[in-house]
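Below, each value reflects all heavy atoms present in this structure, side chains not excepted, and no hydrogens, waters or symmetry copies.
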Amino acid sequence: MELIPAKTIVTKNKDTSWFGSDYNMNLYRGCSHGCIYCDSRSSCYRVDDFENVKAKENALLIVRDDLRRKVKKGVVGTGAMSDPYNPHETEMELTMHSLELIGAFGFGVSMLTKSTGILRDILLYQVIAEQSPVNCMLTITTCDDALSKKLEPGVPPSSERFKAVKELSDAGLYTGVVMTPVLPFLEDTKENILGMIELARESKARFIYPMFGVTLRDRQRDYFYSSLDRIFPGENLRQQYEKRYGDRYFCSSPKARSLYGLFEKECVKAGILYKMPDIIHSYKKNYQYEQLTLF
């Protein structure tokens with residue numbers, strides 16, 4: 001694997017609204033999952049040859065030093081730019097050993113992945129959860145395995161990811177589903193939303209966080225449109241996107257309002273959280289209470 005230089009890896013977030021992460025960590029650059037909608041392909045991130053995963057050189061030493069220098073403990077978020085459980089992680093084990101460091105230095109973790117490889121590290125998450133917040137999240141956007149394999153060819157089908165959610169939940173870990181993006185004209189159906197909520201309930205997910213639409217810009221838009229032409233020939237999906245959204249960055253589903261109303265109603269009925277502030281409060285609350293009582 002190609003190694004790329006890095007001066008720092010665990011960086012402080014200016015905005016902690018994304019699942020309450022105080023810090024951000026990216027051990028790898030690029031992703032081999034092949035998801036046709038991935039925003040990380042956009043040119044603003046300056047990641048060329050995106051499908052070729054590269055690892056940060058001396059990553060574990062840098063993570064150790066970064067954590068050691070932090071004055072304030074907090075939650076380390078990872079998985080937004082490059083999946084921490086890409087196929088190379090089996091050999092590299094950067095994510096696994098970084099979790100060991102996160103636990104050793106008393107930090108929490110908010111992990112986002114599409115890989116069932118997260119199950120390898122259940123024990124590490126349990127150890128961290130003894131003293132700090134842990135939030136394990138799997139991105140799942142459709143309850144249809146056949147469709148998921150078309151949209152996300154390099155990851156396990158949705159049903160396998162739901163099984164991983166249940167295994168993490170059964171292990172006592174705070175676990176949820178990130179349902180982003182819900183692709184217009186492909187996944188924005190009543191049947192898909194109801195199916196997702198039912199599978200999440202069966203998997204004991206604590207939350208589902210949705211986005212009824214997709215973000216598209218420059219290089220990513222071109223890749224997305226060419227993928228639609230290749231995977232769904234003759235369905236004119238590209239033309240529907242171009243006609244409705246033009247060069248718009250956020251492409252909201254035409255059904256967003258009605259679907260969100262249905263989604264909200266069914267989540268309440270199932271006892272599943274769906275609002276970001278509630279999710280953050282829920283997975284952090286016991287640790288905040290314990291820290292306050294010490295004083």
Assess the residue pair I272 and R206 against the criterion (side chain to side chain contact (heavy atoms under 4.5 Å, CB included)); give the C-alpha distance rounded to whole Å, side-chain angles, the decisive distance to 0.1 Å, and a yes or no.
CA-CA 6 Å; I272 297 174; R206 301 291 296 274; over 6 Å; no
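- Here the closest non-hydrogen pair linking R244 and P254 is NE-CG, 3.4 Å.
- Using a 30° and 60° split on the angle between ring planes, Y174 and Y283 fall in the tilted class, from 30° to 60°.
- Side-chain atoms of Y225 and E242 include no donor-acceptor pair closer than 3.5 Å.
- By the side-chain contact (heavy atoms from CB on, under 4.5 Å) test, P153 pairs with no residue at all, sequence neighbours left out.
- In terms of the side-chain contact (heavy atoms from CB on, under 4.5 Å) criterion, residue partners of E93 (sequence neighbours excluded) are, by chain and number, E89, M96, H97, R120.
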Stepwise salt bridge (charged side-chain N to carboxylate O under 4.0 Å, His left out) check, D22 with K72:
CA-CA 9 Å; D22 303 289; K72 183 180 178 182; 5.4 Å; no
So F263 and L194, side chain to side chain contact (heavy atoms under 4.5 Å, CB included) or not? Walk me through it.
CA-CA 7 Å; F263 173 80; L194 292 176; over 6 Å; no
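- A distance of 4.0 Å separates SG in C251 from CG in L216, rounded to the nearest 0.5 Å.
- Considering only heavy atoms from C-beta on, T180 stays 4.5 Å or farther from V214 through its side chain.
- Closest heavy-atom contact between L101 and L60: CD1-O, 3.6 Å.
- Judged by distance alone, with hydrogens and angles left aside, the side-chain atoms of R161 form no donor-acceptor pair with the main-chain N or O of T116 at under 3.5 Å.
- Checked against ring-ring contact (aromatic ring centres under 6.0 Å, His included), Y28 has no partners two or more places apart in sequence or in another chain.
- For the salt bridge (charged side-chain N to carboxylate O under 4.0 Å, His left out) test, no residue two or more places apart in sequence or in another chain qualifies with E264.
- Taken together through direct or relayed side-chain contacts under 4.5 Å among Ile, Leu, Val, Met, Phe, Trp and Tyr, L94 and M111 form part of one hydrophobic cluster.
- Side-chain atoms of S158 do not come within 3.5 Å of backbone N or O of D145 as any donor-acceptor pair.
- Between D65 and R68 there is a salt bridge, with a side-chain nitrogen of the basic residue lying less than 4.0 Å from a carboxylate oxygen of the acidic one.
- Note that CD1 of I280 is 11.5 Å distant from CG of L273, once rounded to the nearest 0.5 Å.
- Every residue was checked against the side chain to side chain donor-acceptor pair (under 3.5 Å) condition with Q126, not counting sequence neighbours, and none meets it.
- Without hydrogens or angle criteria, D144 side chain to L147 main chain gives a donor-acceptor distance under 3.5 Å.
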For V63 and F105: C-alpha separation, side-chain torsions, deciding distance, then whether side chain to side chain contact (heavy atoms under 4.5 Å, CB included) applies.
CA-CA 11 Å; V63 169; F105 283 98; over 6 Å; no
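- Side-chain atoms of T78 come within 3.5 Å of backbone N or O of M25 as a donor-acceptor pair.
- Residues K54 and N52 have side chains in contact (heavy-atom distance under 4.5 Å, counting atoms from C-beta outward).
- Considering all non-hydrogen atoms of both residues, G246 and R221 come closest at O-NE, 3.9 Å.
- Side-chain N or O atoms of S32 include none that pairs as donor or acceptor with a backbone N or O of E51 at under 3.5 Å.
- Scanning for side-chain contact (heavy atoms from CB on, under 4.5 Å) contacts around R248 gives Y245, with sequence neighbours left out.
- The CE atom of M179 sits 12.0 Å away from atom CZ of F207, with the distance rounded to the nearest 0.5 Å.
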Between V10 and N24, does a side chain to side chain contact (heavy atoms under 4.5 Å, CB included) hold up when you go through it step by step?
CA-CA 6 Å; V10 183; N24 185 57; over 6 Å; no
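- A164 and L138 make their closest contact through CB-CD2, 4.0 Å (heavy atoms, listed as atom of the first residue, atom of the second, distance).
- Of the inter-residue distances, the one linking Q220 atom CD with F50 atom CZ reads 8.5 Å to the nearest 0.5 angstrom.
- Using a 4.0 Å cut-off between charged side-chain N and carboxylate O, D39 and R217 make a salt bridge.
- Counting only heavy atoms from C-beta outward, the side chains of L259 and D188 approach each other to under 4.5 Å.
- Under the 4.5 Å side-chain criterion, counting only non-hydrogen atoms from C-beta, F19 is in contact with V178.
- M196 and Y37 fall into different hydrophobic clusters, where Ile, Leu, Val, Met, Phe, Trp and Tyr residues are linked whenever their side-chain heavy atoms come under 4.5 Å apart, directly or through other members.
- Side chain of S42 to main chain of C44: no donor-acceptor pair is present (N/O by atom type, distance under 3.5 Å, no hydrogens or angles).
- Remark: Y287 OH to E130 CD distance equals 9.0 Å, nearest 0.5 Å.
- The environment of K12 atom NZ is dense: over 12 non-hydrogen atoms of other residues, nucleotides or ligands sit within 6.0 angstrom.
- Between atom CZ of residue R29 and atom CD of residue E2 there is a gap of 10.0 Å, rounded to the nearest 0.5 Å.
- The ring-ring contact (aromatic ring centres under 6.0 Å, His included) search around Y85 returns none, not counting sequence neighbours.
- By the side chain to side chain donor-acceptor pair (under 3.5 Å) test, D218 pairs with S43, sequence neighbours left out.
- Side-chain N or O atoms of K166 include none that pairs as donor or acceptor with a backbone N or O of A200 at under 3.5 Å.
- Contact annotation: the side chain of N26 never approaches that of I9 to less than 4.5 Å [non-hydrogen atoms, C-beta and beyond].
- Put simply, the residue from T142, T141, N192 that forms a side chain to side chain donor-acceptor pair (under 3.5 Å) with E187 is T141.
- Checked by atom type and distance alone, the side chain of S226 pairs as donor or acceptor with a backbone atom of Y223 at under 3.5 Å.
- Scored by the salt bridge (charged side-chain N to carboxylate O under 4.0 Å, His left out) test, D66 finds R69 as partners (sequence neighbours excluded).
- Side-chain atoms of K114 do not come within 3.5 Å of backbone N or O of D83 as any donor-acceptor pair.
- Not counting sequence neighbours, the partners of D229 by the salt bridge (charged side-chain N to carboxylate O under 4.0 Å, His left out) test are R238.
- Contact of the Y125 side chain with the L99 side chain is registered, since non-hydrogen atoms from C-beta on lie closer than 4.5 Å.
- The shortest distance between side-chain heavy atoms of L173 and T175 falls below 4.5 Å.
- In terms of heavy-atom proximity, L27 sits nearest to A59 at CD2-CB, 4.3 Å.
- Annotation: side chain of L168 is in contact with side chain of I118 (closest heavy-atom distance under 4.5 Å).
- Counting only distance, with no hydrogens or angles, the side chain of S21 and the backbone of V76 share no donor-acceptor pair below 3.5 Å.
- In this view, R230 satisfies the salt bridge (charged side-chain N to carboxylate O under 4.0 Å, His left out) rule with no residue, not counting sequence neighbours.
- Screening residues 179-199 for ring pair (Phe, Tyr, Trp, His ring centres under 6.0 Å), with sequence neighbours left out, gives F185-Y241.
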